[in-house]
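For reference, the structure is listed below as structure tokens.
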Amino acid sequence: MPVLVVKDGPGPGTQVPAQLQRIPIPLLSPTSDCTGKTVKGRVVHKGPLVSMGEDNYVLKTVIQEEDSQQNMSPEHSSINIILFGALAKDYSESVSQGDMLLVTGFTVGNSPTAQKDKLHACNLQLAGDDAWMYVWPSTVSPRASVPRKRTSPASTEVTKAVKVVKYTYVPLSDLKPGVVVNVYAVVTFFKQPFRTKGTDYCSTLKITDQSNKKVGCTIFCDKLEEHPKIFKMGDVIRLHRVKTQLFNGAISLLTSHGFSVVTFDGMVGSPVVPRTSSGSFKFGEEDCQVVEALRTWAANQSLVPAEPCVPLSAVQPKTYFDLTCQLLATAPVDSSCTLLKVWDGSKCPHPLLDVFVEPNTLEGSPTLSKDMANLTANVLVYDNHVEVARQFKPGSYLRIYNLHAVPGASRLPSNDSGQSDQTGHLGFHLHGGTSYGRGLRVLPEDSPDILDLKRILETFSESDINDSSMFEVWSTPPESFERTCDHTVEQVSLAEVKSRGPPQVFHVQAQLKSYQPQRLYQSLKLFCHKCKTIRDVPDDVTVGGLFSEAQKDIGPCNNGYWTLVLPLPRELPSESPSRTLTLLMSSQLMGKGKAKELIFLKGATLEETCRIASAYSNIVPVTSPQGTMTPLDLSAPFLFRGTKRYYGCKQCSQLKVGESLGEGVEVWDEKSVADALGVQLLQYGLLMKLELQDGTGSLEALLWRDAESFFHVSAEDAAADQEAQDRVQETMDRLCPPGSSTAERPWMDLCLSAYTVEENGQRRACYQICHTDTRGTNPHTHPYAAPSDT
DNA sequence: GATTAGGGTTAG
């Protein structure tokens, strides 16, 4: 008998073993050693006895320490106690609110309700033969205890008016065929609702409970919102009015008349929030206890197989996994396929397949920037899942179940001509069917997993630097910058650099403390040598829009060029009827047999332009607003060469496309094409701000003019090629490993050019890293001692 | 008012 009622005596002493040592409640923590310890307090709340099957009970109670010496607020001296098994039943029968209680043989856990009830962050759990409790009955009529539900109206009315429907829940092991029951269980397998051949949607589940019996469950319901909202294995489910049935020799559960369902997150400690669409379901304190008991039980059962949820950064090719992500954009592909562009804020180590779609068929805005950072996953959703996926709105949060990571599948069904080579790039397929729970659903924004995801995604907008202001502040350094340092200059500390001031070139040894932008694709810039302005590389949506705009010009083009007009077959019924694609070639080049070296293209989409550019050396997209051929708005690339795109300066270009083209040009490359068209070519560059440190201080330095040699990457390659971008990332990861401490970062030999910038009449010193090669970063100990980590 | 499905990879 684990509950000992101490009939007389004012406090513990005679019957409580003397060797037991009491712990004040405020001092309890999950790491407390509870062996031989006791906790004492007055019962301020006693919950109902909840039956979980034969001899299986749970009861929650709260005790408050009255003589707490810790002088703490009352919430820290009140603690939840969860009683299990026979102890719960004994307690229910022999203890009342107001009694004094002393417990021993407990374990301390985190209280899942601490947020809600504002009580102690821990709870005490009592179960099994080791748990004992001593009770001193209250002298002030404890049996006429305070009504449990404080919000109840006058008690006489309650007993008359309210028919309390008491639900009893049957353990799964006790199910008999042919009856209607209520059950509480943990979900071990589930399929999102799918259309049946009949009139309903069907959810297929497998559930289990403390009886360890696994039971299949089939839910038919014509309304999707009335299906169980199950997000992951381990979720807790409450089913009311389900029918038992014998199928293949085993009991299974089936919806019956008046069926209802509520689900809960299965994680121990997460808030017990019922997920339901029903406005009138019953849910009380007892349900909380049952949910918490199931969670605690399931946590020790390894019911859920290896974590199926995998971030993009951990995806292995050829595997199936569940993805939790945000939807960026959708695009219908054909009647049995829809494209979802998604991200989860993590970078996939494998190059991701880029699926090109017409910007005008795309809903939402995937930026090329994100694609460039290898953050955007393209998910092709097939067959039965299309109906669900087409209702998703960009911005919503999704979980995609049993997604297939497929390397090298680089073509859309309708897209059979040569795209840029993406062999080995990872594409994601949600195949048709529902095997292995294949499917997808929107997750509510307040679910725990989505809150985590949001925190990750938010870091992507927080620290975006304003590039133009950064560059204006730093400006282009004056001639002092041209002085070189071959590391023969005397090495100085950062403090000395600051005190000596510009103009000067310094040789320093330093570590990287931080850098901006964190998203390296944002460091990619376009620079005009003539007007010295710098601009961002536009994303595909912007560029695609300019192409769509130019397509509206369907007028003729009379300029003496050799012209080939190709009518395009209609791929979609909605497409405007007579779209044509016009190839124009210089008659002059024709005469020299070099016509194919420079092709002007009118009426093409961005995607078509890219495809054609992969087959011809120089493609110039054009339009002819007044019948005269001219390049597109210079926000768009004026030239496509293979996978590379070249831009012109809007300010400094003076466009000319005459009949005589490129007199004397031998080789057509971006420079000669720009010259021939009167375009002032923009140069790709990498712009970053590095915060350096040594033992003497820290200093911000710009990396711009010599960024390419710093990274051993051409910015132009980085704009077109994921591998080149990866090399930049690898360098930064080497200099500043994610999560690393100062001591772990290598020392760099750097040259700093110090110069003066005037800003609002104020002169200030600025620094730029020059002539520095990061391949030889120096791991040795530095003469200026280890800098502090602050 | 009965029926649907009854877990166990597409093959794009």
Side-chain angles (χ1 to χ4, degrees), chain A residues 175 177 185-208 214-224 226-228 230 232-235 237 239 242-259 303-306 308 310 315-323 331-340 353 355-357 378-386 389 400-416 419 422-423 425-440:
Chain A
L175 294 175
V186 176
V187 177
T188 59
F189 173 81
F190 65 98
K191 286 184 178 184
Q192 296 300 337
F194 57 93
R195 247 189 216 294
T196 63
K197 288 175 186 155
T199 58
D200 294 340
Y201 288 93
C202 174
S203 294
T204 301
L205 321 177
K206 188 142 278 177
I207 60 177
T208 187
K214 290 190 176 56
V215 173
C217 183
T218 306
I219 288 159
F220 291 114
C221 188
D222 59 350
K223 296 186 185 69
L224 271 178
E226 288 175 16
H227 277 258
I230 303 170
K232 53 159 55 161
M233 305 203 196
D235 281 355
I237 189 166
L239 292 156
V242 280
K243 190 165 58 189
T244 54
Q245 201 186 54
L246 210 51
F247 177 75
N248 280 347
I251 287 282
S252 62
L253 291 167
L254 202 64
T255 41
S256 80
H257 188 67
F259 152 85
L303 295 172
V304 180
V310 168
V315 169
Q316 293 299 318
K318 297 183 181 174
T319 59
Y320 291 86
F321 67 105
D322 294 352
L323 180 67
V333 174
D334 58 38
S335 62
S336 69
C337 181
T338 272
L339 172 70
L340 304 180
L353 178 75
V355 179
F356 226 99
V357 291
N378 285 281
V379 176
L380 291 164
V381 169
Y382 292 98
D383 304 341
N384 53 316
H385 309 299
V386 167
I400 309 177
Y401 303 91
N402 196 239
L403 190 56
H404 194 184
V406 183
S410 64
R411 291 182 192 2
L412 288 175
S414 59
N415 199 3
D416 51 0
Q419 247 180 350
Q422 296 195 54
T423 313
H425 288 214
L426 271 194
F428 299 95
H429 295 235
L430 186 70
H431 298 296
T434 62
S435 309
Y436 282 83
R438 199 177 306 124
L440 71 181

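Keep in mind that what you see is a predicted model, and the values were worked out from it rather than measured. Protein chains get the first letters and strands the later ones, always in sequence-line order, with residue 1 at the start of each.
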Subject >> B/dT10 and B/dG6, which share atom name P, separated by this distance in whole Å >> reply: 14 Å
Original post:
Of A/L403, A/V406, A/V381, which meets side chain to side chain contact (heavy atoms under 4.5 Å, CB included) against A/H429?
Top reply: A/V406
**OP:** From the options B/dG6, B/dG7, B/dA5, select the nucleotide whose nearest atom is closest to the side chain of A/K206.
**Re:** B/dG7
**OP:** Could you please name the option among B/dT10, B/dA5, B/dG8 that lies closest to any side-chain atom of A/K191?
**Re:** B/dG8
Original post:
With respect to the side chain of A/S435, which nucleotide from B/dA5, B/dG6, B/dT10 is positioned closest?
Top reply: B/dT10
**OP:** Pick base, sugar-phosphate or nothing for A/L205, based on heavy-atom distances below 4.0 Å to the nucleic acid.
**Re:** nothing
Subject >> Donor-acceptor side-chain pairing of A/Y401 and A/R438 below 3.5 angstrom >> reply: no
Original post:
What nucleic acid atoms does A/D383 come within less than 4.0 Å of, heavy atoms only: base, sugar-phosphate, or nothing?
Top reply: base
Original post:
With distance as the sole test, does A/H385 use its side chain to make a donor-acceptor pair with the main-chain N or O of A/H431 at under 3.5 Å?
Top reply: yes
Original post:
Counting just side-chain N and O atoms, does A/T199 come under 4.0 Å of either OP1 or OP2 of B/dT3?
Top reply: no
**OP:** Determine the contact category for A/G432: base if any of its heavy atoms lies under 4.0 Å from a base atom, sugar-phosphate if only primed atoms, P, OP1 or OP2 are that close, otherwise nothing.
**Re:** base
Original post:
Between B/dT9, B/dG7, B/dG12, which nucleotide has the shortest distance from any of its atoms to the side chain of A/F189?
Top reply: B/dG7
**OP:** Would you classify A/R195 as touching base, sugar-phosphate or nothing, given that sugar-phosphate means primed atoms plus P, OP1 and OP2, and contacts are heavy atoms under 4.0 Å?
**Re:** nothing
